[in-house]
Amino acid sequence: MSSEQDHLKDTDTEARFEFKKEERSAVKSGKGLTEEVVNLISDDKDEPDWMRERRLRALRQYHAMPLPTDWPGQPDLTELDIEEIVPYIRPDVDKREGVDDWDELPDDIKDTFEQLGIPEAERKALSGVGAQYESEVVYQNMQEQWEEKGVIFMNMDQAVKEHPEIVKEHFMTTCVPPSDNKFAALHGAVWSGGSFVYVPEDVTVEMPVQAYFRMNSEGMGQFEHTLIVAEPGSEVHYIEGCSAPKYGKHNLHSGGVEVFVKEGAHVQYSTVQNWSKNTYNLNTKRAIVEADGTMEWVSGSMGSKATMLYPCSILKGRGATDTHITIAFAGEGQNIDTGAKVYHNAPDTKSTIESKSISKDGGRTNYRGLVHIADGAENSSTAVECDALMFDNESTSDTMPYMEIEESKVDVAHEATVGKIGDEDIFYLQSRGLDDDDAKKMIVAGFIEPITEELPIEYAVELNRLIELEMEGSLG
Amino acid sequence: MSTQVHANLTPEQVRQISGDLEEPEWMLETRLEALEALEELDMPDVIRTPGRNWTNLHGLDFESLVDPLNAAEEKDQVGPDDVDVLPWAEALDEHEDLVREHFGSIVDPQENYLTALSTALFSTGTVIYVPEGVDAEDVTIRTEMHSRSLFNYTLVVTEDSSSVTILERQSTGTELDEEQYYSGIVEIAAGENSYVQYGSLQNLSEESYCFSAKRGETDTYATINWIEGNIGTKLTKTETSTLLSGDSSETQIVGAFFGHDDQHFDIDAKVWHRAEHTTADLVTRGVTDDTARSVYEGVQDVGRDAWDTSSYQRENTLMLSDESEADASPKLIINNHDTEASHSATVGQIDAEDLLYMTSRGVSPRLARNMLVEGFFVPVLEEVAVDELREDLEDLIQARLE
């Protein structure tokens, strides 16, 4: 094992995520969702009128749309009182656009990210890092070598001002319009922070870029927006991580992710989500993939009270490819409702979905997926595989795939299995000297390996570590 | 939101139907309550994804489809001597207590709008009673529909350690100029260690609509095996399901459908594991041609107390034309971890290599295609343990290919 792995393995993960800092806010909106709050955000950011207009329109759509309530087996959202959520907190840092040196951050914020291991990871393995604290990005850096090639990695608020033409065209227009669902509309109204990634034609960003989102205040909502535009033939791997300490009140995370994969481009989007167990995690993530483009979603959903998230790829051009790899782990009191959506809208498109879930101590996991093959999407193929592992009889695991096939020249396959940890497997490992807990950990590690091997080593180690902690029941 | 069909349905009509069958007061009450409930009830659940109902039952004009007092049919209800196979009126006469105990106990008359409509208005029915220890084969129910609408009800009760094989066929005798509506409810109460095989073949005219709910409940060690063939109608909404209530009970649901022209099949196969050591096996294969559309929903629901469950499901759809559509949603709902469950579903077209292989050996493309379609159904037909039903199904598939 490398020293990096040792370092990460030895880090006390629980302490890393669960610490709290004093709230620090320069501007804090009131609770609830009104035009005043939206205007306050827009004013505070000194936004152009077109963005303010988009926010206000999204707010109207938000109020007009119902909450999802009657999906079969969906998480209960009745305890979520959006009107009680504080949607905007700007931390009181000196530089609005974020600094590019960790040392310029106030000590407590710097500490926060030090404890989370972000600067360490940046030095070792990343092309660039953005770090968001509450509603704003406080740190942003991109290595020079990529900047010279025209790669842009900046926070979204800044991008609105510096690259209005690209943002205007792509921001919540064709990919995730606010009308898509209530939380997309909410996001459109109060979004703040997030990342803007632009990769010029034929540029390959060899090391991942990373954004880390941290919520520190009680009862807040975080609504970062991520917009990735990968021009033809380019390649980039974007990683996001997120966490928040646990408070008595509910927090809401409702991010929006839009990815544009142009012809022949390749984007990987990896998430390790470890929100605290009082956070509702209700996101909309979507990619539009042009001809011969490839979109890869890799997600680990560990935290949150309830998650509803179904990353979606729209395979728009001939030969576009999608891969979804997801893992969900639900412990006590958690309801992780996650899956994948793929629209095959062109011929020769291909998708594979691999989903693994683990439920334990009364946790509830659900795979909810939709594969749609449009009329005319000839020679499309999709393979969906879902495996669920259940630890005990208080837990629940559901699989709810939907397949809508309008084209005959296709190859569609779905498979799912559910099972408990095999007594024989445990017995085998015990007979080789492992105790019961270690045997279970080893079986789980093997179960999720297809996911972890897709992640950069830091994330893979971290995911493993988080799962171990979950299994010990030591994460709050 | 229910369709307001009851505007032209009256308690008097229900009284007349019940009176013609010389039903006891409790039965009339059940019917009148179902009629009254129509206003409150919704259509049966159909699969929805955002912005889309996969089957539109609200689009049907029940007000004009339902003609309660003019039901006409021809029916065979035959079985061996040691089994009671009785028309509804006779069954009430001979086995009133039995009927009262089981009627509506498995399919709630007020479960949804269409079950309530069926309960209020059914004018024909069969009760099959298999006494303890009797092994009966070949109970046959043949219903030929001659009227605008027909509501049919079937109750099967098997006592301990008995067995029975039942074949039910629905077809249209008189094709009217207008659209027709057939509704059938089947309830099976399988007693301890009894074995029920219920085969059904729906071959109604393609100008008709069909709603059917077939549901069985098992006692300890009991088995209910369903065979479900769907060939006819313009639109069919059907659910075949088993509630595994007894320890070590089993069920199998074998389905086959073949849609062409603009037929629409909405087919559900569901199993609820509610006891220990229960086993379920769901196998469905279907073909869609022309602009036909199939919607398949398979549910394996394992309850918290269903220890040591085994549950398997396979669904395969073959699409013969670009204009046809196939939707599938095989769902696993697992609340007990001591479960071995899996499901798989595929949708695809005829394998081009197979076709090439056959045509290269001199088989005409048309014949090759037909042979491959017939071959596609083989794994399901093999599961059909009743020779007569299997042969009928094969004939109907062949007829459709010609």
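Reminder, nothing fancy here: chain letters follow the sequence lines and each chain counts from 1. The figures that follow rest on heavy atoms only: side chains count, while hydrogens, waters and symmetry mates do not. Remember, it's a predicted structure, so these values are computed and weren't measured experimentally.
Other residues, nucleotides and ligands contribute at most 12 non-hydrogen atoms within 6.0 Å of the CG atom of B:Asp45. Other residues, nucleotides and ligands place no more than 12 heavy atoms under 6.0 Å from the NZ atom of A:Lys350. Atom CD of A:Glu332 is surrounded by 12 or fewer heavy atoms from other residues, nucleotides or ligands within 6.0 Å. Crowding of A:Lys316 atom NZ: a count of heavy atoms from other residues, nucleotides or ligands under 6.0 Å not exceeding 12.
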side-chain contact (heavy atoms from CB on, under 4.5 Å) evaluation trace for A:Met400 with B:Ile333: CA-CA 8 Å; A:Met400 299 191 175; B:Ile333 319 260; 3.4 Å; yes
Stepwise side-chain contact (heavy atoms from CB on, under 4.5 Å) test for B:Thr317 and A:Met403: CA-CA 11 Å; B:Thr317 313; A:Met403 283 164 269; over 6 Å; no
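Applying the salt bridge (Lys or Arg N to Asp or Glu O under 4.0 Å) test to residues at least two apart or on different chains, the pairs with a partner in residues 302-319 of chain B are B:Asp281-B:Arg314.
Taking CG of A:Asp70 as the reference point, atom CZ of B:Arg48 lies at 4.5 Å (rounded to 0.5 Å). Atom CD of B:Glu323 sits about 11.5 Å away from atom CD of A:Glu406, to the nearest 0.5 Å. The structure places CD of A:Glu404 at 7.5 Å from CZ of B:Arg293, a figure rounded to the nearest 0.5 Å. B:His343 NE2 to A:His414 NE2: the interatomic distance, rounded to the nearest 0.5 Å, is 3.0 Å. Atom OG1 of A:Thr399 sits about 9.0 Å away from atom CD of B:Gln300, to the nearest 0.5 Å.
Options B:Thr346, B:Leu332, B:Thr339 differ in how many heavy-atom pairs under 4.5 Å they form with chain A, and the most are formed by B:Leu332. Taking chain A as the reference chain and counting heavy-atom pairs below 4.5 Å, the highest number among B:Asp327, B:Val295, B:Leu320 is found for B:Asp327. Note on A:Thr417, A:Val410, A:Val418: by heavy-atom pairs under 4.5 Å with chain B, the leading option is A:Val418. Of all the listed residues (B:Ser342, B:Ala352, B:Ala345), the one sharing the greatest number of non-hydrogen pairs under 4.5 Å with chain A is B:Ala345. Among the candidates A:Glu394, A:His372, A:Lys409, the residue making the largest number of heavy-atom pairs closer than 4.5 Å to chain B is A:Lys409.
With salt bridges taken as basic N to acidic carboxylate O contacts below 4.0 Å, none links A:Asp398 and B:Lys331.
Between the side chain of B:Asn336 and the main chain of A:Asn393, no donor-acceptor pair closer than 3.5 Å is present.
The aromatic rings of B:Trp54 and A:Tyr402 sit perpendicular to each other, their planes meeting at more than 60°, with 30° as the lower class boundary.
In this structure, A:Ser408 and B:Ser321 approach most closely via the heavy-atom pair CB-O, 3.2 Å. Between A:Pro401 and B:Pro330, the shortest heavy-atom contact is CD-O, 3.0 Å.
Residue A:Phe391 touches chain B through its backbone alone, counting heavy-atom pairs closer than 4.5 Å. Residue B:Leu318: no heavy atom, backbone or side chain, is found under 4.5 Å from chain A.
Residues of residues 246-267 of chain B having a heavy atom under 4.5 Å from any heavy atom of chain A: none.
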